[in-house]
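Reckoned from all heavy atoms, side chains included, excluding hydrogens, waters and symmetry mates. All of these numbers come straight from a predicted model, not from anything done at the bench.
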Amino acid sequence: MRKALVAGNWKMNGRIAKNDDLVSSVLSGLASGNLDSSVDVMVCPPAIYVGQVRAQAVATRLMVGAQDLCEFEDGAYTGEVSAEMLVDVGCSAVLVGHSERRTLFGDTDKRVAAKLSSAVAAGLAPILCVGESLEQRDSGDTLAVVEQQLLSALSGLSPEVLDLLVVAYEPVWAIGTGRTATPEQAQDVHAHIRQVLATIDGPLAEKVRLLYGGSVKPANARELFAQKDIDGGLIGGASLNADDFLAICRAAVAG
Ligand code: PEP
């Protein structure tokens with residue numbers, strides 16, 4: 001049985017005071033007993049605020065992740081943040097290959113693979129984001145695109161990587177658009193992702209958590225999370241509102 005995970009991707013949003021309020025509200029929601037421990041909860045603030053959020057969350061069940069990392073080890077890479085640094089400030093996970101990084105910041109498949117490898121080497125759980133554009137969906141290429149992104153990100157790595165790996169299926173046309181994949185559309189892709197992972201290692205593939213992301217809201221979360229291969233969500237916009245985020249976390253409670 002896989003434990004659900006709901007991770008909030010704050011993207012480039014936040015200020016010290018706002019973060020403090022948001023995290024305090026999420027923590028009081030988590031402490032109120034309305035959310036049992038069958039769900040792991042994580043927030044991924046901008047790198048500059050990771051330390052702040054981690055200090056607030058330390059000794060609570062709220063996990064902290066980062067939104068990106070540099071593929072290289074520490075050294076002369078001005079402006080970058082390494083996997084080891086993320087571990088040092090208390091991150092347990094990092095998003096890799098988010099579509100905004102791929103389309104706006106030049107994260108090629110090759111760079112995504114290098115980032116994933118760096119994350120794993122440092123002991124960070126990579127949350128690998130994959131997903132097709134609207135054009136690719138309309139031309140019937142969804143499964144092939146997702147499969148290619150997945151295999152290229154994992155190429156050259158040992159099957160044990162699946163022990164740490166989380167995959168987020170995020171159709172590009174659903175991110176921040178208010179358009180969500182139907183539960184059936186999402187389940188079809190998730191089932192395919194699990195099949196592809198099983199070609200690497202069958203038993204480990206069963207343990208990999210597959211998140212859905214793309215305009216998840218309190219109103220649609222339960223139906224999505226009820227699908228067999230959907231083990232939680234990667235939440236953008238709605239993670240900036242504590243009530244919405246907590247409602248989505250509650251929708252992931254088992255059974
Ligand atoms: C995301 O950025 O990962 C995301 C899923 O965004 P949203 O929930 O706003 O669509």
A.B. asks: So which heavy atom on Leu22 is nearest to which on Ser239, and how close?
C.D. replies: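 Closest approach of Leu22 to Ser239: CD2-O, 3.8 Å.
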A.B. asks: Using a cut-off of 6.0 Å, state whether more than 12 heavy atoms not belonging to Glu135 lie near its atom CD.
C.D. replies: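 Check fails, neighbour count at 12 or below.
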A.B. asks: Which heavy atom in Cys129 sits nearest to a heavy atom in Arg102, and how many Å separate them?
C.D. replies: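 Taking every non-hydrogen atom into account, O-NH2, 2.9 Å.
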A.B. asks: Donor-acceptor pair, distance only, cut-off 3.5 Å: does the side chain of Arg250 make one with the backbone of Pro218?
C.D. replies: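 Here the side-chain-to-backbone pair does not exist.
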A.B. asks: What pairs meet the salt bridge (charged side-chain N to carboxylate O under 4.0 Å, His left out) rule with one or both residues in residues 199-213, with sequence neighbours excluded?
C.D. replies: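 For residues 199-213: Arg2-Glu206, Asp40-Arg209.
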A.B. asks: Give me each pair satisfying side-chain hydrogen bond (donor to acceptor under 3.5 Å, both in side chains) with a member in residues 210-223, each pair once, sequence neighbours excluded.
C.D. replies: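 Only Thr180-Asn220 qualify under side-chain hydrogen bond (donor to acceptor under 3.5 Å, both in side chains).
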A.B. asks: Considering non-hydrogen atoms only, spot the tightest contact between Ser92 and Leu124 and give its length.
C.D. replies: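 That closest heavy-atom pairing would be C-CD2, 3.7 Å.
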A.B. asks: Tell me whether Gln149 contacts the main-chain N or O of Gly131 through its side chain, where contact means a donor paired with an acceptor under 3.5 Å.
C.D. replies: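 Pair found, side chain donor or acceptor close to backbone of Gly131.
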A.B. asks: For the residue pair Ile248 and Phe225, what are the closest heavy atoms and their distance?
C.D. replies: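 That closest heavy-atom pairing would be O-CE1, 3.5 Å.
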A.B. asks: For Val167 and Leu197, work out which heavy atoms get closest and say how close.
C.D. replies: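 Smallest interatomic distance, heavy atoms only, reads CG2-CD1, 4.4 Å.
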A.B. asks: For Ala191, give me all partners under side chain to side chain contact (heavy atoms under 4.5 Å, CB included), at least two apart in sequence or on another chain.
C.D. replies: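 Side chain to side chain contact (heavy atoms under 4.5 Å, CB included) list for Ala191, sorted by chain: Gln187, Asp229.
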A.B. asks: Excluding sequence neighbours, so at least two apart, what forms side chain to side chain contact (heavy atoms under 4.5 Å, CB included) with Ser117?
C.D. replies: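 With sequence neighbours excluded, Ser117 shows a side chain to side chain contact (heavy atoms under 4.5 Å, CB included) to Leu157, given in chain and number order.
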A.B. asks: Is there a side-chain contact (heavy atoms from CB on, under 4.5 Å) between His192 and Thr142? Walk through the geometry before answering.
C.D. replies: CA-CA 10 Å; His192 187 68; Thr142 298; over 6 Å; no
A.B. asks: Leu128 and side-chain contact (heavy atoms from CB on, under 4.5 Å): which single residue from Val112, Val166, Val94 fits?
C.D. replies: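 In the set Val112, Val166, Val94, the residue that makes a side-chain contact (heavy atoms from CB on, under 4.5 Å) with Leu128 is Val112.
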A.B. asks: Membership question, hydrophobic clusters at under 4.5 Å side-chain separation (ILVMFWY): are Leu150 and Val172 in the same one?
C.D. replies: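 Shared cluster, no.
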A.B. asks: Hey, does the side chain of Glu73 reach the backbone of Ser82 with a donor-acceptor pair shorter than 3.5 angstrom?
C.D. replies: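 No, Glu73 side chain to Ser82 backbone: no donor-acceptor pair under 3.5 Å.
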A.B. asks: Is it true that atom NZ of Lys3 has more than 12 heavy atoms of other residues, nucleotides or ligands lying nearer than 6.0 Å?
C.D. replies: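 Count over threshold, so yes.
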A.B. asks: Got a sec, which hydrophobics cluster with Ile16, joining ILVMFWY side chains under 4.5 Å apart, including via others?
C.D. replies: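 ILVMFWY cluster around Ile16 also holds Ile48, Tyr49.
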A.B. asks: Show me the pairs that pass ring-ring contact (aromatic ring centres under 6.0 Å, His included) and involve residues 140-171, at least two apart or across chains.
C.D. replies: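 Counting only pairs at least two positions apart or across chains, the ring-ring contact (aromatic ring centres under 6.0 Å, His included) contacts touching residues 140-171 are Tyr169-His190.
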A.B. asks: Is a donor on one side and an acceptor on the other found under 3.5 Å between the side chain of Asp141 and the backbone of Arg137?
C.D. replies: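 No; judged by distance alone, with no hydrogens or angles, the pair does not exist.
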A.B. asks: Return the minimal non-hydrogen interatomic distance between Ile127 and Ala168, and the atom names on each side.
C.D. replies: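 Closest approach of Ile127 to Ala168: CG2-CB, 4.1 Å.
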